[in-house]
Undergrad: 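Structure in structure tokens, see below.
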Amino acid sequence: MKKILLNTITAAVLTVGLTGCADDLNISSIDPQSKPGASDMELLAKCYSTLGVTGQKGPAGNADLAGIEDEGESGFYRTTFNCQELMTDECAWAWQDNQDIAPFTTISWNSSSARTQWVYTRLTYDITLFNSYLSQVPDDAENSQYRAEVRFLRALNYWYLLDLFGKAPFKTEFNITELPTEISGPDLYTWLDNELTEIEPLMAEAGSFCNAQNFGRADRGAAYMLHARLALNSAVYTKGAVKDYQKAIDYCDLLIGNSNYGLATKEKNGYSGYQQVFMADNDENPEAMKEIILPIRQDGQKIRCHSGAMYVVNSMRTAGMPNMGTTNGWACLFARRALVQKFFPTLSDFPISTEAAPDGATEADIMALDQQDGSSTAQIVAKAGDKRALFYAGRGGGVRTLYPEAITAFTNGASIVKWDNHRSDLQPTHDQTEYPDVDIPLFRLAEAYLTRAEAKWRLSGNLSDAQADIDVIRNRARAAKLIVTSEEDILDEWCREFYVEGRRRSDLVRFNRFTGSAYLWDWKGGTPNGTSVDSHFNVYPIPYDELLNNKNLKQNEEY
């Protein structure tokens, strides 16, 4: 099998020039009819690289998308993460004067939102690129598996459009003569269901890419997980017309029953199995690799960008925090009070320092003071009785509060240290300054357990049917047994397991808790304790510029 150069960004250069903000799938091209100056394998590497980089020159330069001042804001993971997390009960962005952050924080955006434009453009650009690949690479036996992988990547991007916008501009061919048509939620759901069913047998066996040679490529397991995620959300996407919960269960069975996969459970050098999944050597550590079904490759030397691992590691740290794993703490993202409450229902039980570190304190000094206060991450984990409670509330970086009068600073909440640019084997990372090595687990096996748990409950109506799989997840976290007595127990477990992994909004929408007043959290709707939000915010608006450019598209209701 030919080797795909996933670790070499220079091999991912595509000279067809699909740089722009508006039109094949509303993407402008320098010369869409030109012949790419790259081999099929380089084109395939470029398709995969859309997950982990933003352009042709590493961290910045010759960006895929034009018109965005900060290239880092244009990346696949950063744009989708922001649209799934910044408005939820999990985290908030400290600097509310940054572009479009305030309406994202309070769920009050409109059709002129820059951030919805960025994610829409990224996803449609990627789909255009995949269509270009499929139009040029022969549909024959030699290329069958590679084409199936690109079709999977296209389906993944279409799934994000469906989930975020409730519909999509639709094209499966690369040309510049016709504008994409609009495909509705139910129709796009059916297309995705059929497309995944068709490509799954063409992909490599599930789990066959959980190795150093092919880690980062999509095999059948990735398609199964996307298919299960699609089916679990079927009632949302089809407005109740389809409820494919048994299908979700069946796909999860295929993943959980596959010997190539397993939850990371073994402690290593003081790091729990859960922690190892989010560390700098999660592409080399077999304990982490067996859980990661599909990662976004990142590397402190070869795959640098401001949109993936650097975003989640650096944005959640500030100067003065111990064990930063980077020299560049952005001091941006912090935990909302509601997230801390998932682990500490009585907030007064949460250990937090009440004094800042003295001027001139060394890292060792700060760690000793944190230990004295009981506010180190290890002490928080121990007091929570849950290995997943990866917060820091010590003296490093300033005194934190859980009840801010306004969002003005990084210390307006506990710090999240789940994403960690340290290696579990204690060896140095590739870059000792600011670029992390952490691969992003886009799909991991824990999702199959919680998907199956929820789907069983939704299918039968019996909460007890979710118990066994939730037990597995909590046992790995060394958490006490939780008797499932309400749907909130399932929703809360999704949060505890997957916080700040770029999916929370979807889960809240599926449980009918994102809008309305059934569930309020701090700063929902713009008030300190939260207030009701109108239901039209369950999907994002089609960007206004896209409506001007393509009359086939219609705006979502109430925008």
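Throughout, residue positions are numbered sequentially from 1 according to the sequence presented. All values below come from the heavy atoms of this structure, side chains included, with hydrogens, waters and symmetry mates left out.
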Undergrad: Looking only at non-hydrogen atoms, find the nearest pair between I366 and G320 and report the distance.
TA: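 Distance-wise, the nearest heavy atoms are CD1-O, 3.3 Å.
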Undergrad: Do R505 and T88 have side chains that approach each other closer than 4.5 Å (heavy atoms only, starting at C-beta)?
TA: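 Heavy-atom side-chain distance check passes, below 4.5 Å.
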Undergrad: With side chains defined as the heavy atoms from C-beta onward, is the minimum distance between F350 and R400 less than 4.5 Å?
TA: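 A side-chain contact is absent here, since even the closest heavy-atom pair is not under 4.5 Å.
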Undergrad: When you look at N538 and T515, which way does the side-chain hydrogen bond (donor to acceptor under 3.5 Å, both in side chains) test go after all the steps?
TA: CA-CA 7 Å; N538 279 325; T515 57; 3.3 Å; yes
Undergrad: Would you give the length of the straight line joining atom NE2 of H422 to atom CG of D437, rounded to the nearest 0.5 angstrom?
TA: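 Reported value, rounded in 0.5 Å steps: 11.5 Å.
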Undergrad: For N529 and T527, does a side-chain donor sit closer than 3.5 Å to a side-chain acceptor?
TA: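 Result is no, nothing qualifies.
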Undergrad: So Y519 and D89, side-chain hydrogen bond (donor to acceptor under 3.5 Å, both in side chains) or not? Walk me through it.
TA: CA-CA 10 Å; Y519 174 39; D89 56 344; 2.7 Å; yes
Undergrad: Are any side-chain N or O atoms of T429 and backbone N or O atoms of D431, one a donor and one an acceptor, separated by less than 3.5 Å?
TA: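 Indeed, once roles are kept as given, a pair shorter than 3.5 Å links the two residues.
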Undergrad: Donor-acceptor pair, Q117 side chain versus P543 backbone, under 3.5 Å?
TA: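 No, the answer is negative, given that no donor and acceptor are paired below the 3.5 Å cut-off.
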Undergrad: Spell out, as yes or no, whether a donor-acceptor pair under 3.5 Å connects the side chain of T451 to the backbone of A448.
TA: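 No, the answer is negative, given that no donor and acceptor are paired below the 3.5 Å cut-off.
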Undergrad: Identify whether the distance between the nearest side-chain nitrogen and carboxylate oxygen of E291 and R444 falls below 4.0 Å.
TA: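 The answer is yes: the pair qualifies as a salt bridge.
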Undergrad: Determine whether a donor-acceptor pair (N or O, by modelled atom type, separation under 3.5 Å) exists between the side chain of R336 and the backbone of D522.
TA: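 Yes, because the side chain of R336 sits within donor-acceptor range (under 3.5 Å) of the backbone of D522.
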Undergrad: Give a yes or no on whether a salt bridge exists between R122 and D64, defined as a side-chain N under 4.0 angstrom from a carboxylate O.
TA: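 Salt bridge between R122 and D64, a charged N being under 4.0 Å from a carboxylate O: yes.
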Undergrad: What are the two closest heavy atoms between C305 and M310, and how far apart are they?
TA: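 Heavy-atom minimum between the residues: O-CB, 3.3 Å.
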Undergrad: Just so I know, are the side chains of C332 and W95 near enough to count as touching, which here means a heavy-atom distance under 4.5 Å?
TA: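 Counting from C-beta outward, C332 and W95 do come under 4.5 Å.
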Undergrad: So, does N412 use its side chain to make a donor-acceptor pair with the main chain of T408 at under 3.5 Å?
TA: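 Such a contact is found between N412 side chain and T408 backbone.
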Undergrad: Quick check: F537 with W109 (ring centres under 6.0 Å apart)?
TA: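 That pair passes the under 6.0 Å test.
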Undergrad: Think R229 forms a cation-pi with W159, using NZ or CZ under 6.0 Å from the six-ring centre and within 45 degrees of its axis?
TA: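 The answer is yes; both the distance and angle limits are met.
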Undergrad: How far apart are the C-alpha atoms of S424 and N269, what are their side-chain angles, what is the distance that settles it, and do they pass the side-chain hydrogen bond (donor to acceptor under 3.5 Å, both in side chains) test?
TA: CA-CA 7 Å; S424 65; N269 291 321; 6.0 Å; no
Undergrad: Which heavy atom of N282 sits nearest a heavy atom of V277, and at what distance?
TA: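 Minimum heavy-atom contact is ND2-O, 2.9 Å.
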Undergrad: Heavy-atom count around K383 NZ within 6.0 Å, excluding the residue itself: above 12?
TA: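 For K383, atom NZ is crowded (more than 12 foreign heavy atoms under 6.0 Å).
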Undergrad: Give a yes or no on whether the backbone of F76 and the side-chain of T79 come within a donor-acceptor separation of less than 3.5 Å.
TA: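 Looks like yes, one N/O pair under 3.5 Å.
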Undergrad: Does R503 count as lying over the ring of F498, i.e. NZ or CZ under 6.0 Å from the six-ring centre, within 45 degrees of the axis?
TA: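 Satisfied, under 6.0 Å and within 45°.
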Undergrad: So, for K266 and E287, which heavy atoms are closest and what is the spacing to 0.1 Å?
TA: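 In terms of heavy atoms, the two residues are closest at N-OE2, 2.8 Å.
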Undergrad: Regarding E493 and R388, does a basic nitrogen lie under 4.0 Å from an acidic carboxylate oxygen?
TA: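 Here E493 pairs with R388 in a salt bridge, since their nearest N and O are under 4.0 Å apart.
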Undergrad: About how many Å separate CZ of F343 and CG of L390, when rounded to the nearest 0.5 Å?
TA: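 Rounded to the nearest 0.5 Å, the CG-CZ separation comes to 7.5 Å.
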Undergrad: With rounding to the nearest 0.5 angstrom, report the CG to CZ distance, L294 to F215.
TA: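 Result: 8.5 Å between the selected atoms.
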Undergrad: With E497 as reference, evaluate R474, R476, K418, K387 under the salt bridge (charged side-chain N to carboxylate O under 4.0 Å, His left out) test and give the passing residue.
TA: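 Running salt bridge (charged side-chain N to carboxylate O under 4.0 Å, His left out) over R474, R476, K418, K387 with E497 returns exactly one hit, R476.
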Undergrad: Can L153 and D126 be said to form a side-chain contact (heavy atoms from CB on, under 4.5 Å), step by step?
TA: CA-CA 9 Å; L153 293 173; D126 291 353; over 6 Å; no
Undergrad: For the residue pair W521 and L508, establish whether any side-chain heavy-atom pair is separated by less than 4.5 Å.
TA: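 The answer is yes; the side chains approach within 4.5 Å.
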Undergrad: When you check the gap from the basic side-chain N to the acidic O, do E90 and K342 get nearer than 4.0 Å?
TA: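 A salt bridge is absent here (no side-chain N lies under 4.0 Å from a carboxylate O).
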Undergrad: Mind checking the CG-OH spacing from L123 to Y158? Nearest 0.5 Å is all I need.
TA: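 It comes to 10.5 Å.
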Undergrad: Which heavy atom of N314 sits nearest a heavy atom of P436, and at what distance?
TA: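 Taking N314 first and P436 second, the nearest heavy atoms are OD1-CG, 4.1 Å.
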Undergrad: Okay, side chain of S353, backbone of E355: is any donor-acceptor separation there less than 3.5 Å?
TA: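 Pair absent, no side-chain N/O of S353 close to backbone of E355.
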Undergrad: Are the side chains of D283 and R297 in contact, using a 4.5 Å heavy-atom criterion?
TA: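 A side-chain contact exists here, since the closest heavy-atom pair is under 4.5 Å.
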Undergrad: How about L44 and M41: do any of their side-chain heavy atoms sit closer than 4.5 Å?
TA: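 A side-chain contact exists here, since the closest heavy-atom pair is under 4.5 Å.
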Undergrad: State, with a plain yes or no, whether a side-chain heavy atom of Y392 is found less than 4.5 Å away from one of P322.
TA: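 Counting from C-beta outward, Y392 and P322 do come under 4.5 Å.
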Undergrad: So that I know where these two stand, are Y120 and Y540 an aromatic pair - ring centroids less than 6.0 Å apart?
TA: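 No.
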Undergrad: Any chance you could lay out the side-chain hydrogen bond (donor to acceptor under 3.5 Å, both in side chains) test for N328 and E434, step after step, and finish with the verdict?
TA: CA-CA 5 Å; N328 184 5; E434 57 183 351; 2.7 Å; yes
Undergrad: Could you walk me through whether I127 and L161 satisfy the side-chain contact (heavy atoms from CB on, under 4.5 Å) test, starting with their C-alpha distance in whole Å, then the side-chain angles of each, then the deciding distance to 0.1 Å, before giving a yes or no?
TA: CA-CA 11 Å; I127 292 168; L161 284 169; 3.7 Å; yes
Undergrad: With side-chain contact (heavy atoms from CB on, under 4.5 Å) as the test, would you mind laying out the steps for I416 and F391 before giving the verdict?
TA: CA-CA 5 Å; I416 302 167; F391 301 104; 4.2 Å; yes
Undergrad: Measure the spacing between OG of S375 and CZ of R395 and express it to the nearest 0.5 Å.
TA: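 Reported value, rounded in 0.5 Å steps: 7.5 Å.
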Undergrad: Would you say the side-chain atoms of Q275 pair up with the backbone N or O of S272, donor to acceptor, closer than 3.5 Å?
TA: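 Judged by distance alone, yes, a pair lies under 3.5 Å.
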Undergrad: Where is the tightest heavy-atom contact between V119 and C83, given as atom of each residue plus distance?
TA: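 Nearest pair, atom of V119 first, then C83: CG1-SG, 3.8 Å.
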Undergrad: Taking the side chain as every heavy atom from C-beta outward, state whether L65 and W118 have any pair of such atoms under 4.5 Å apart.
TA: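 Of all side-chain heavy-atom pairs linking W118 with L65, none is under 4.5 Å.
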Undergrad: Between R423 (side chain only) and N285 (backbone N and O only), is there a donor and an acceptor less than 3.5 Å apart?
TA: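 Side chain of R423 to backbone of N285: no pair is present.
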Undergrad: Distance-only, no hydrogens or angles: does the D373 side chain make a donor-acceptor pair with backbone N or O of D370 under 3.5 Å?
TA: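 Pair absent, no side-chain N/O of D373 close to backbone of D370.
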Undergrad: Output the distance between atom OH (Y311) and atom CG (L333), rounded to the nearest 0.5 Å.
TA: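 If we round to the nearest 0.5 Å, Y311:OH and L333:CG are 4.5 Å apart.
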